[in-house]
Each structure stands twice: as structure tokens, then as C-alpha cells.
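Here the structure is a predicted model, which means the values were calculated and not measured.
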Amino acid sequence: MASFSVPSVTEGSDIGIEYYCTVCKEEKHIYIDADFYCKNCVKFFCKTCINSHTHGGWRALFKPSPYGKDKIMKWPLSEKMEKLLRTCDLHKDGTLTLYCPDHSQLCCSRCIEPKHRLCFQVTSILQASKMKSTKVKKLSVRTQNTLLHVAQFETYQEDRMRSLKVSYNEHEKDMVEGMRLNITTFLHMCENSTVNETHEQNKFYDIREKIISILVDFEKSTVKEKKEELKLKQAPLMSVRNSCIRLHDELLQLHYAIQKVLGRHELSFIARKKCQEKIQQSDTFTKENFPNYVFSVNGKTVHKVKMPSDLRTCSIRAIYALPDGQVLVADSNNYNVKLLNQQYQVVSHWDATYYIKDMCQITPSEVAVAVNKNSSNIHEVQFISVTQSQLAPGRKLELQHTCRGIAHHQGDLYICSGTALYKYTLSGKKVCRLYEDKSADDTVYKCAVSPTGDRLYIISWYQNKLLTLARDGTLLATYTDPALLWPDGLHVTPAGQVLVCGWWSDTVLQVGWEGESKLATLATRVDGVRAPWSVCYSSTTSSIIVGQLKDNILVFRVE
């Protein structure tokens with residue numbers, strides 16, 4: 001599974017906002033990208049001009065060191081970005097001077113007549129900036145979450161485009177090879193039956209040349225048609241991907257701009273409002289296009305994961321797909337975690353002492369494993385790293401309650417005790433109890449977190465329910481389905497799609513991100529599913545991997 005990060009606010013990189021060398025611009029009338037900013041001189045310098053600035057005599061010794069691009073957050077707001085902030089998004093030739101509280105909108109003079117002439121609270125931006133505003137720190141957190149979400153969707157679209165290309169290439173190759181084999185076989189039969197008849201042989205030579213010509217034309221036309229078909233299918237994916245890139249870049253620029261205009265009340269107010277509007281646009285866009293995109297299964301393979309040293313039938317309780325195509329599987333019956341290579345062959349393993357209940361990603365190369373044995377009062381979280389295709393155990397957390405399910409999101413560990421959901425820090429400190437249900441056993445059995453952390457999903461085993469909670473533990477939705485009996489495997493993809501397994505009903509379902517409806521039945525007993533314990537989506541291979549109470553895993557290729 002791919003990992004994502006948002007650039008730091010304090011030490012950012014070049015964010016695509018133009019800064020020109022002041023010396024080159026004023027003295028040479030040319031526009032050269034700036035690489036340094038001198039706070040003392042209030043000027044920008046390119047790599048050439050900075051030399052004369054820093055070595056310009058004894059006065060240079062008393063000047064503070066100029067800020068390079070590694071400290072771009074200490075540079076002032078660029079002229080280009082200030083102009084963009086003050087420009088009306090609706091009327092590109094208009095300057096923002098007014099604010100309408102009724103519509104929560106920034107306005108230029110042209111906005112007033114058609115939409116805001118009946119609004120009584122329209123005021124100047126200067127006056128509006130004196131009102132109580134959103135805390136910058138809170139807005140910054142929300143912005144970074146949205147940036148992360150949009151980046152994940154961009155990567156997800158790229159995965160889908162890559163998957164389509166691979167599928168079409170394979171299909172095209174199979175068609176051509178099949179046609180070639182059929183024609184070649186036919187020709188061999190003709191040649192063998194007339195080997196001593198010169199006239200007939202010449203006749204068949206003519207036929208052979210004609211068939212070869214047809215084959216060449218077939219290959220050319222097939223390739224051309226398939227390429228056109230692939231372009232048509234990839235076009236909407238490309239459009240959504242480009243929209244993701246645009247939204248991400250625009251929001252990132254506003255994210256940085258807010259930090260640069262602190263103390264400049266009007267610009268700060270405009271930047272915050274534009275940032276809030278862009279977050280809303282991004283949220284609306286992602287909800288309309290994702291994550292309720294329904295997977296389509298396009299092929300299945302079966303892979304044995306039992307090792308010679310395994311004494312019992314494998315029980316794959318959890319699966320995690322690494323970014324490089326390798327896969328980790330947690331085998332509860334045989335007390336081990338196995339590392340599979342890209343061909344799904346076991347290349348390394350780590351032996352636990354007790355039952356493994358669940359596993360979650362911490363970093364792209366590290367997982368946390370929930371180990372539990374109630375009879376011995378042992379409840380642990382074991383961290384395991386993957387280095388050069390080998391598993392290495394790390395630190396361990398000891399808990400005071402049962403550890404059945406585990407999930408992680410941005411430094412927070414969510415652990416299911418069977419009847420309660422707790423939040424911990426990665427150091428093992430209990431933060432709070434988010435949710436509890438003591439009405440039956442295993443009401444809080446396994447959990448998963450949405451990519452932005454705003455939704456938590458919980459499996460209630462015996463009650464045959466999938467629960468959706470808000471970040472604070474508030475119950476938002478409850479989903480039940482006859483096809484979801486004794487739900488067990490639970491996974492949320494990088495794009496927010498929710499996958500859940502029915503252990504008793506032998507099903508793998510895709511549920512809407514709201515947790516209120518079924519979008520698709522992806523696999524059943526007919527597809528070879530037997531007592532599925534776990535499920536995972538690999539964006540690297542565009543596949544859904546299912547672990548079972550069996551010695552093999554199922555890999556479904558999806559689009």
C-alpha cells in the first residue's frame with residue numbers, strides 16, 4: 001500500500017510560487033528564479049548574484065545569512081501569490097474588497113449586483129478581518145488532512161490507469177498469440193498432408209502467405225483498436241487525476257500563504273477564507289468521485305502460504321501489502337507472521353508465542369501485530385520491521401486488556417478489546433476509550449480507519465454488524481446484511497473504499513464509505529472463498545487479497 005506525506009509548514013520546499021532575483025530584474029531587466037532571500041536587504045537573489053551580496057566587502061560580515069529555499073517559509077509572500085489572493089475567483093479581473101457573512105463569501109464589486117444586493121451584512125474585508133476568525137492552527141490541521149486525502153486519490157487514479165494498461169496489454173497479447181497459434185497449427189497440418197505433391201504445396205504456400213498477410217493486418221488493427229479503447233477508458237481517470245493535482249497545488253499554496261501573512265489582517269482573512277473554500281471544494285470533489293467507486297474483479301489466482309514447519313491449517317487473520325509488492329500475512333493457528341515475495345512465496349517469517357489476532361501498518365516497512373492469550377493474561381502489541389526481505393521484531397507494548405483488533409492513523413493506535421475501542425499513542429499511553437458495548441461478546445471485534453481519520457469502522461462479530469463512528473466515537477451508521485454473517489476481515493483502501501468479509505457467509509463485500517449500504521459483492525463461495533478471516537487491497541498490483549481458514553490465499557485482480 002502506498003504511503004503519503006504532506007510537506008512541512010516550517011521547512012517547506014519550493015511551492016511553485018514565482019520569486020525572481022531582484023538584481024537581475026531591476027538592473028538587467030531579466031527574470032531569473034530566486035534561490036535566496038535576504039531579510040536585511042529585503043531582496044531576492046539568484047545563485048550568481050548572491051555571491052556579490054555575501055562577499056561584498058566588510059559590510060557583508062555584519063549581514064545575517066540569507067535564507068535559501070530550504071527555509072522558504074521565512075521568505076515573504078511573493079508578489080504573484082499576493083495578487084492571486086486579492087483576485088476574485090469568479091471575476092478574474094476583479095479585486096476582492098468585500099465580504100458577505102450571509103453567504104460566507106469574499107466578493108469584488110462585480111459580485112454584489114447579481115448575488116448579494118439583497119444581503120444586509122455585506123462589509124469591507126478590513127472590517128470583516130476584525131471579527132472572530134478560525135484559529136490558524138486548527139485550520140492548518142484540517143488543511144493538511146485534506147491535502148493528504150487529495151494526494152491519496154491522485155495516486156489511486158494513477159493505480160487504476162496503470163491497472164487498465166496492464167490488463168489491456170495482457171488481453172491484446174493473448175488475442176494475437178491465440179490467432180498466431182491457430183493459423184500456424186493449420187498451416188502445419190496442410191503442409192504435412194501434401195508434402196509430396198508439388199502443385200498442392202505451391203498452392204498452400206500461396207495460402208500461407210495470404211494468411212500471414214491477414215495476421216499482420218489483424219495485429220495492426222487490433223493494436224490500434226485496443227490503444228484507442230484504452231485511451232477512451234483512461235480519459236476520465238486522467239481528468240480526475242488532473243483535477244486532484246490542481247486542487248492539491250492550489251490548496252498547498254494557500255496553506256503556505258496563511259503562514260506568511262500573519263499580522264497582515266486583510267490578507268490573512270482572505271487567505272483563510274479562500275483556504276476554507278478550497279477545502280470544501282476538495283471534500284465535495286472527492287466525495288463525488290471517491291471512495292464509492294466500485295471495484296470490478298478481473299481474474300483470480302490462488303497461492304499456497306503454508307510452510308513445512310506449520311503444524312496446523314493456516315488461519316490468515318490479517319494481511320498487509322507492502323509498497324514493493326511483497327505481502328505480510330499473519331497466521332494465527334501457526335503463531336507466525338510470514339513475508340511473501342512478489343510471487344506470493346514465503347521468504348521469511350517471525351514466530352510468535354501466542355495467538356495473533358490482527359495486524360496494521362505503522363510505516364511502509366513496519367507493522368504492529370496484536371498478540372493475545374486470555375488464559376495467561378497476555379495482551380501485547382509487537383512491532384515488526386521489514387528489511388531486505390527479512391522480518392525483524394522490534395519493541396513491544398503490554399496492555400491491560402484483551403487485544404483483538406488494531407488499526408493505526410497518524411500516530412494514533414486504535415485497539416479493540418472485544419467490547420470497547422481504545423485510543424493509544426505509539427508509545428503505549430492510553431488516551432481514551434472511544435466506544436463501548438457490553439451487550440454481548442465481541443461487539444468491538446476489529447477496526448479500521450478512513451484515510452483522513454474522520455471515520456472509524458468497527459466489526460461486531462456475533463451481532464453481524466458493521467459500525468461507523470465519528471472521530472470522537474459517536475455512532476454514525478450501522479450496517480447489516482444477510483450476506484455478512486459473522487463479519488471478520490475489515491480493510492479501508494487508500495481511497496477510502498471499505499472492504500469487509502463475512503466469515504460464515506463466505507463473502508467479500510464492498511460497502512459505501514458512509515457505512516450504510518452495500519456497493520458490491522466482490523467474491524463468494526463460487527469464487528473459492530472459504531471462511532475469510534482477512535482482506536487487503538494492494539495498490540501496487542491493483543488486487544484484493546483474501547486470507548482464509550485454509551492453507552492458501554486468494555488474489556483477485558481488480559479494476
Side-chain angles (χ1 to χ4, degrees), residues 300-322 326-361 366-399 402-406 416 418 441-442 445-446 459 461 486-491 501-504 506 508 523 525 528-536 545-555:
K300 180 196 77 175
T301 54
V302 182
H303 304 275
K304 184 178 179 181
V305 294
K306 186 171 185 177
M307 301 186 301
S309 57
D310 290 338
L311 302 178
R312 305 175 185 86
T313 300
C314 294
S315 178
I316 308 304
R317 290 279 183 161
I319 299 176
Y320 166 54
L322 296 166
Q326 295 186 104
V327 177
L328 284 169
V329 296
D331 185 349
S332 181
N333 273 1
N334 292 296
Y335 301 169
N336 59 41
V337 174
K338 302 166 186 176
L339 176 64
L340 314 181
N341 61 16
Q342 289 87 344
Q343 290 73 44
Y344 303 101
Q345 301 166 327
V346 180
V347 293
S348 180
H349 71 280
W350 169 78
D351 292 323
T353 309
Y354 305 102
Y355 293 105
I356 298 174
K357 294 296 184 180
D358 202 3
M359 178 172 62
C360 71
Q361 173 192 1
E366 184 184 34
V367 295
V369 181
V371 181
N372 202 74
K373 188 173 183 180
N374 285 337
S375 60
S376 302
N377 200 31
I378 294 175
H379 320 294
E380 300 173 343
V381 175
Q382 173 68 61
F383 293 86
I384 299 176
S385 297
V386 182
T387 306
Q388 296 181 343
S389 296
Q390 294 296 314
L391 300 183
R395 62 195 180 89
K396 184 189 300 182
L397 304 179
E398 295 184 358
L399 307 178
T402 301
C403 186
R404 287 196 173 278
I406 187 168
C416 301
D441 292 333
D442 295 330
Y445 190 70
K446 278 191 176 180
I459 280 177
W461 168 265
W486 292 9
D488 201 288
L490 178 63
H491 176 71
C501 299
W503 186 85
W504 188 254
D506 298 326
V508 180
R525 177 177 282 265
V529 178
R530 298 289 188 278
W533 284 124
S534 55
V535 62
C536 176
I545 309 170
V546 179
Q548 310 179 94
L549 182 58
K550 211 169 183 181
D551 292 338
N552 57 49
I553 58 172
L554 305 177
V555 180

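- Here Q361 contributes atom CD and L322 contributes atom CG; the two are 8.5 Å apart, rounded to the nearest 0.5 Å.
- A distance of 10.0 Å separates CZ in R395 from CD in Q382, rounded to the nearest 0.5 Å.
- Listed for the D551 side chain is a donor-acceptor partner under 3.5 Å among the backbone atoms of C314.
- Shortest non-hydrogen contact noted between Q326 and S389 is OE1-OG, 3.1 Å.
- A cation-pi contact, defined as under 6.0 Å to the ring centre and within 45° of the axis, links R312 to Y335.
- Interatomic distance, CD of Q548 versus OG of S534, reported as 8.5 Å (0.5 Å rounding).
- When atom types are taken as modelled, the side chain of D442 and the backbone of G418 share no donor-acceptor pair closer than 3.5 angstrom.
- In this structure, the side chains of V367 and L328 come closer than 4.5 Å at one or more pairs of heavy atoms.
- Of the possible polar contacts, one joining the D506 side chain to the A531 backbone as a donor-acceptor pair under 3.5 Å is found.
- Below 30°, between 30° and 60°, or above 60°: for W461 and W533 the angle between ring planes is below 30°, a parallel geometry.
- Using modelled atom types, no side-chain atom of K550 and backbone atom of R530 make a donor-acceptor pair closer than 3.5 Å.
- Formation of a donor-acceptor pair under 3.5 Å by the N333 side chain with backbone atoms of T313 is found in this model.
- A distance of 14.0 Å separates NZ of K357 from CD1 of I406, quoted to the nearest 0.5 Å.
- Summarising the local packing, CD of Q343 is surrounded by more than 12 heavy atoms from other residues, nucleotides or ligands at distances under 6.0 Å.
- Rounding to the nearest 0.5 Å places OG of S309 at 7.0 Å from CG of D351.
- Looking at N334, its side chain never comes within 3.5 Å of a backbone N or O of N336 through a donor-acceptor pair.
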